[in-house]
Amino acid sequence: MKVMKLDWQKYDPEWLVKASEERVDEYPWLPDALSKCTKALASSEYYLYFVDSKNPNKPGSEWQFDENIIIEDTPFGEVALDVLDGNRIGGVEFISKLHGVCNT
């Protein structure tokens, strides 16, 4: 059995920053948090990680989930952001792609 190695890649979060500035007023810290998402790990065509999710919500893990924020009408359709403790963005799920609504 061949094991795929997933690598972190440079990432430009500008589309997310812009979408959050235009559509999400209730989280004024969000554009800045998204601008820090400059490396990503694609676990599938539906999800990008910005933070290592090893041992999620366990002591010592970087991934300490707090809440989801949904942004509608982005260039990739509806997306869900995983927000971690400290207003860090753990990843983005491409909901519209997952449901076959967006072909981007």
Side-chain angles (χ1 to χ4, degrees):
M1 178 166 111
K2 185 176 180 180
V3 176
M4 281 184 25
K5 183 175 188 284
L6 302 176
D7 291 323
W8 291 91
Q9 303 290 322
K10 287 184 182 181
Y11 190 76
D12 181 1
E14 185 59 33
W15 71 274
L16 277 169
V17 173
K18 186 175 179 181
S20 70
E21 289 171 341
E22 294 173 355
R23 296 175 184 83
V24 188
D25 295 332
E26 61 269 29
Y27 299 97
W29 52 266
L30 189 55
D32 183 57
L34 287 165
S35 72
K36 295 175 182 169
C37 298
T38 58
K39 67 174 185 162
L41 177 69
S43 65
S44 73
E45 65 181 288
Y46 309 113
Y47 197 88
L48 288 177
Y49 285 99
F50 300 126
V51 172
D52 188 349
S53 64
K54 185 177 180 182
N55 299 318
N57 302 315
K58 302 273 196 249
S61 173
E62 283 189 73
W63 190 280
Q64 300 294 325
F65 182 79
D66 185 34
E67 67 176 311
N68 288 117
I69 297 175
I70 304 296
I71 305 177
E72 298 177 347
D73 196 28
T74 77
F76 296 95
E78 184 177 34
V79 298
L81 303 174
D82 285 336
V83 180
L84 308 180
D85 286 349
N87 292 338
R88 293 185 316 137
I89 307 303
V92 60
E93 181 177 25
F94 298 91
I95 297 170
S96 293
K97 277 187 177 184
L98 186 63
H99 296 289
V101 179
C102 181
N103 296 322
T104 310

Dump the intermediate steps for side-chain contact (heavy atoms from CB on, under 4.5 Å) on D66 and L84, then the final yes or no. CA-CA 5 Å; D66 185 34; L84 308 180; 5.8 Å; no
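Distance check, rounded to the nearest 0.5 Å: CH2 of W8 to OG1 of T38 gives 10.5 Å.
Two residues are said to be in side-chain contact when any heavy atoms from C-beta on lie closer than 4.5 Å; W29 and L34 fail this criterion.
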Enumerate, atom names and distances included, each donor-acceptor pair closer than 3.5 Å involving a side-chain atom of residues 71-79, sequence neighbours excluded.
{"from": "T74", "atom 1": "OG1", "to": "F76", "atom 2": "N", "distance (Å)": "3.0"}
{"from": "T74", "atom 1": "OG1", "to": "G77", "atom 2": "N", "distance (Å)": "3.3"}
{"from": "T74", "atom 1": "OG1", "to": "G77", "atom 2": "O", "distance (Å)": "2.6"}

Donor-acceptor pairs under 3.5 angstrom involving side-chain atoms of residues 48-55: please list them, not counting sequence neighbours.
{"from": "D52", "atom 1": "OD1", "to": "K54", "atom 2": "N", "distance (Å)": "2.9"}

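For the side chain to side chain contact (heavy atoms under 4.5 Å, CB included) test with C37, the passing option among L16, I89, L81, D12 is I89; the others fail.
Evaluation of the ring-ring contact (aromatic ring centres under 6.0 Å, His included) rule for Y46 yields no partner, not counting sequence neighbours. Remark: E67 engages Y27 in a side chain to side chain donor-acceptor pair (under 3.5 Å) (not counting sequence neighbours). Take E21 and apply the side chain to side chain contact (heavy atoms under 4.5 Å, CB included) test, not counting sequence neighbours, and it matches V17, P31.
Screening residues 31-42 for salt bridge (charged side-chain N to carboxylate O under 4.0 Å, His left out), with sequence neighbours left out, gives D32-K36. Here side chain to side chain donor-acceptor pair (under 3.5 Å) pairs that include residues 82-92, with residues two or more places apart or in two chains, are Y47-D82, N68-D82.
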